[in-house]
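Structure first, commentary second.
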There are 2 protein chains.
Amino acid sequence: MECKTENFKQEYKKEMRAVQDSMDVLHGKWKIAVLSSICYYNKRRFSDILSDIDGISNRMLSKELKELEFNKLIHRNVLSTQPVTVEYTLTEHGNTLKTIINNLHEWGVEHRKKIVEG
Amino acid sequence: MECKTENFKQEYKKEMRAVQDSMDVLHGKWKIAVLSSICYYNKRRFSDILSDIDGISNRMLSKELKELEFNKLIHRNVLSTQPVTVEYTLTEHGNTLKTIINNLHEWGVEHRKKIVEG
DNA sequence: CAGGATCCTATACGATACTG
DNA sequence: CAGTATCGTATAGGATCCTG
């Protein structure tokens with residue numbers, strides 16, 4: 001971290017792009033909450049997630065699920081019942097987000113302490 | 001993870017709130033980029049950060065810096081030069097975000113591979 | 001049940017110009 | 001240099017109702 005050369009700046013920009021890639025996938029008000037809901041229960045249905053997350057509307061849940069599926073973080077499994085049952089699960093790729101979610105959780109706890117105490 | 005009791009659901013909601021706390025602090029298009037810029041260079045000035053981050057406007061940089069300072073992630077140090085020099089540094093608390101930023105970086109790299117390849 | 005369609009508002013963000 | 005002020009647009013997100 002001592003050498004602030006042009007090369008260093010290039011590396012920094014490359015890192016930034018990667019971080020932005022992650023944020024592009026995780027952006028929005030509910031994405032992490034949706035992932036967490038599915039992650040905690042392993043398998044979760046639309047109406048379940050709707051009740052897990054306080055305040056989310058079906059419109060937004062639908063939208064977030066689509067984006068997560070597009071980014072291959074979750075899998076949408078349609079069972080041919082009457083009426084249809086839809087189960088959402090994390091993909092392997094989605095599972096790799098657990099570390100980040102856990103870190104966000106731990107950091108959030110510490111942050112709350114800092115802000116309330118300080 | 002096997003016991004989906006009411007207690008389990010309470011725990012889950014508590015975790016969600018902590019994760020949301022983190023996201024509330026990190027939300028917005030530029031917050032992580034700003035933190036990273038300061039983090040990489042240890043000490044960084046307004047115009048420096050402006051040139052570090054492609055596309056950010058001075059209005060947004062100003063806004064993001066204020067929010068980060070409000071949340072005690074960065075420190076604003078004014079030197080009485082002519083004209084004034086302002087240096088931004090990470091607080092100790094801000095430094096604890098390094099883990100998350102690194103994780104986002106690593107995950108972003110992997111994600112890009114997955115999406116481009118798949 | 002699992003969403004889609006429609007309408008509406010708030011705010012996030014960008015561009016530009018200006019100031020001590 | 002380190003911002004602020006002003007204006008305008010785009011998007012995110014909420015509320016409600018509808019459907020196979």
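Sequence lines set the chain letters: A, B, ... in the order given, protein chains first and strands last, and positions in each chain run from 1.
- The CG atom of D21(A) sits 9.0 Å away from atom CH2 of W107(B), with the distance rounded to the nearest 0.5 Å.
- Applying the 4.0 Å criterion to OP1 and OP2 of dC1(D), one finds that Y88(B) has every side-chain N and O outside that range.
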**Prompt:** Where do Y40(A) and E11(B) land on the side-chain hydrogen bond (donor to acceptor under 3.5 Å, both in side chains) test, with the steps shown first?
**Reply:** CA-CA 10 Å; Y40(A) 272 61; E11(B) 276 307 309; over 6 Å; no

**Request:** Check step by step if salt bridge (Lys or Arg N to Asp or Glu O under 4.0 Å) holds for K13(A) and D54(B).
**Result:** CA-CA 9 Å; K13(A) 295 240 174 183; D54(B) 294 334; 2.9 Å; yes

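- Note that CG of L65(B) is 4.0 Å distant from CG of L61(B), once rounded to the nearest 0.5 Å.
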**Request:** For the pair H75(B) and E87(B), evaluate side-chain hydrogen bond (donor to acceptor under 3.5 Å, both in side chains) and give the outcome as yes or no after the intermediate values.
**Result:** CA-CA 8 Å; H75(B) 182 242; E87(B) 289 173 348; over 6 Å; no

**Asked** Under the side-chain hydrogen bond (donor to acceptor under 3.5 Å, both in side chains) criterion, do E110(B) and H93(A) qualify, and how do the steps go?
**Response** CA-CA 9 Å; E110(B) 288 308 308; H93(A) 186 212; over 6 Å; no

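- Contact annotation: S62(A) side-chain N/O to dG4(C) OP1/OP2 distance is under 4.0 Å.
- Across dA2(C), dG13(D), dG3(D), the shortest atom-to-atom separation from the side chain of F46(B) is found for dG3(D).
- With distances taken from any side-chain atom of K66(A) to the nucleotides dT4(D), dC1(D), dG4(C), the minimum falls on dG4(C).
- Distance R76(B) CZ to dC1(D) C1': 12 Å, rounded to the nearest Å.
- Between the CG atom of L26(A) and the CG atom of L97(A) there is a distance of 5.5 Å, given to the nearest 0.5 Å.
- Within the helix from dC1(C)-dG20(D) to dG20(C)-dC1(D), the inter-axis angle between the opening and closing five-pair segments is 50°, rounded to 10°.
- Across the protein-nucleic acid pair, E64(B) atom CD and dA2(D) atom P stand 18 Å apart, rounded to whole Å.
- Within residues 47-61 of chain A, the residues that have a heavy atom under 4.0 Å from DNA chain C are, in order of number, S47(A), N58(A), R59(A).
- Of the inter-residue distances, the one linking E15(B) atom CD with C39(A) atom SG reads 9.0 Å to the nearest 0.5 angstrom.
- The NZ-C1' distance, from K63(A) to dG13(D), rounds to 7 Å in whole Å.
- Residues of residues 22-30 of chain B that place a heavy atom closer than 4.0 Å to DNA chain C, in numerical order, are G28(B), K29(B), W30(B).
- Note on E64(A) versus K31(A): salt bridge recorded, some NZ/NE/NH1/NH2 to OD/OE distance being below 4.0 Å.
- Listed pair R45(B) / dA2(D) meets the phosphate criterion, a side-chain N or O lying under 4.0 Å from OP1 or OP2.
- In this structure, W30(B) CH2 and S57(B) OG are separated by 8.0 Å, a value rounded to the nearest 0.5 Å.
- Distance, E87(B) CD to dA2(D) P: 9 Å, rounded to whole Å.
- S37(A) approaches R44(A) most closely through the heavy-atom pair OG-CG, 3.8 Å.
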